[in-house]
Amino acid sequence: MALITIDKLIAGMVLDTEVCDRTGRVLLKCGCELTEWHIGKLASSGVVEVDIAGIESSSDQTDKNITPEMMQQCIDVLDPAFTLVDKDWDVMKELHRLAVLKVVRKKMEEE
Amino acid sequence: MLLPSKIVADFKGTASLPVIYFKLNEAINDPNTSIHKISNVISEDASLSARLLKLVNSPFYGFPQSVGTISEAVFLVGSQQVRDVALATTMMSTFNGIPGDLMNMEKFWMHSLACGVGAKVIAETIGEPEFERFFVAGVLHDIGRLVLFSKAPEESKIILQRAQREKRPLVDVEYDEIGCSHAEIGRALLDAWKLPQYYQEVAGFHHAPESAQQYPLETVIVHVADTIAHTLQFGTSGELYVPRMNKNSWHKLNLSLNQLSKLIHVIEHEVNLVLNMIQPKEVVA
């Protein structure tokens with residue numbers, strides 16, 4: 001599954017989760033095969049991204065190429081900024097993980 | 001020791017709220033007002049008009065049809081919300097002249113906008129009504145730091161250096177060095193500018209959300225959004241360390257770790273959208 005932005009949707013892609021508008025109204029159900037009409041409708045309803053079944057997002061593909069050494073390098077760069085927080089707390093652990101991933105992905109894009 | 005009200009009184013003499021804000025306020029509060037009158041005020045400022053149209057046509061608002069005119073934008077977004085957007089987007093030009101070696105203003109506004117977007121996205125996720133108003137509260141949360149940089153540059157330099165040397169949060173060192181914090185100064189400034197109580201309280205307590213009395217949830221949301229913006233390194237407010245997140249504040253939002261991960265994805269996307277629309281390079285002289 002991948003989270004795909006509206007501008008990258010192609011007719012024939014299949015939704016992996018239902019899509020709701022900002023009021024919570026279901027626009028399209030899980031499993032719906034998208035047509036050009038659906039894509040136009042999603043865009044005009046202000047939907048930014050949808051979950052698509054059966055493909056990997058570009059970040060998933062990037063993540064496969066991340067080596068433990070790269071991860072450690074980025075952790076070493078980031079860790080001083082986390083000096084004051086409780087890194088054993090689940091929420092901070094998750095935020096730290098996401099921050100490290102962001103730095104690694106950015107580094108890989110630059111390379 | 002510096003008093004927030006004294007610093008703000010000095011500051012008020014050199015910088016004021018953008019004129020367009022007062023004009024909009026006057027038009028909105030006029031008992032005989034109309035969408036046409038409010039739109040005319042906005043149309044006087046070409047840059048604001050362009051930014052407003054870009055913003056209302058973006059997924060940030062998500063209107064089903066394209067918005068082509070300022071009067072349509074006022075009709076759809078609401079006059080008060082338009083005034084708030086005008087406030088957030090024109091605020092950047094109010095703080096010119098802060099030395100670059102003290103603060104990179106482009107990065108400062110990136111942090112402020114990221115906090116605003118984060119607060120809006122969190123509010124939307126937990127089902128808060130009128131979640132757009134959280135955007136402005138987030139953008140304004142660190143405004144006191146800019147007053148400090150403007151009115152007390154030497155003290156600010158000492159605070160920044162000492163925080164780095166002693167590995168402490170800026171807010172703690174501010175108390176040691178000047179006897180008050182940027183949060184208190186921000187609150188005093190928003191009070192002096194007669195902005196709503198809601199913005200004052202959020203700015204005043206974003207580092208101590210449990211002290212907020214009238215708007216506790218709003219303050220909690222901006223507190224969490226601020227931590228996320230620091231963690232994900234969206235710009236900087238001068239703070240070198242990710243601030244401690246208040247655990248009770250996080251629990252009040254009732255968000256799961258899975259939701260947090262999704263939230264951050266949306267925040268990253270929307271921050272880039274808003275940055276492209278507001279273009280700090282263009283407005284920060």
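All values below come from the heavy atoms of this structure, side chains included, with hydrogens, waters and symmetry mates left out. Below, chain A is the first sequence line, B the second, and so on; all start at residue 1.
- Atoms CG and CD1, on A:L98 and B:I228 in that order, are 9.5 Å from each other to the nearest 0.5 Å.
- Rounded to the nearest 0.5 Å, atoms NZ (A:K102) and CG (B:L232) are 5.5 Å apart.
- Looking at heavy atoms from C-beta onward, A:L95 lies in side-chain contact with B:L260 at the 4.5 angstrom threshold.
- Put simply, CE on A:M92 and OG1 on B:T227 are 5.5 Å apart, with the number rounded to the nearest 0.5 Å.
- Interface remark: B:E239 contributes no atoms to any contact with chain A (heavy atom separation under 4.5 Å).
- Contacts between B:P169 and chain A at a heavy-atom distance below 4.5 Å involve backbone atoms as well as side-chain atoms.
- Taking a 6.0 Å sphere around NZ of B:K252, one finds it holds more than 12 heavy atoms contributed by other residues, nucleotides or ligands.
- Taking CG of A:D90 as the reference point, atom OG of B:S256 lies at 12.0 Å (rounded to 0.5 Å).
- B:K167 contributes no side-chain N or O that, together with a main-chain N or O of A:T83, makes up a donor-acceptor pair within less than 3.5 Å.
- The shortest side-chain heavy-atom distance between A:F82 and B:H230 does not fall under the 4.5 Å cut-off.
- Put simply, the side chain of B:M245 does not reach to within 4.5 Å of the side chain of A:V85, judged on heavy atoms.
- Using a 4.5 Å cut-off between heavy atoms, B:I264 contacts chain A through its side chain alone, with no backbone atom that close.
- Looking at heavy atoms from C-beta onward, A:V103 lies in side-chain contact with B:Q233 at the 4.5 angstrom threshold.
- In this structure, B:Q164 places its CD atom where only 12 or fewer heavy-atom neighbours from other residues, nucleotides or ligands lie under 6.0 Å away.
- Enclosure of atom CG in B:D101 by more than 12 non-hydrogen atoms of other residues, nucleotides or ligands within 6.0 angstrom is indicated.
- Within the 4.5 Å cutoff, no side-chain heavy atoms of B:K247 are placed close to those of A:V91.
- With a 6.0 Å radius and a threshold of 12 heavy atoms from other residues, nucleotides or ligands, A:K93 has its NZ atom above the threshold.
- Between B:W250 and A:W89, the closest side-chain pair of non-hydrogen atoms falls below 4.5 Å.
- Side-chain N or O atoms of B:R244 include none that pairs as donor or acceptor with a backbone N or O of A:D86 at under 3.5 Å.
- Within 6.0 Å of CZ in B:F75 there are 12 or fewer heavy atoms belonging to other residues, nucleotides or ligands.
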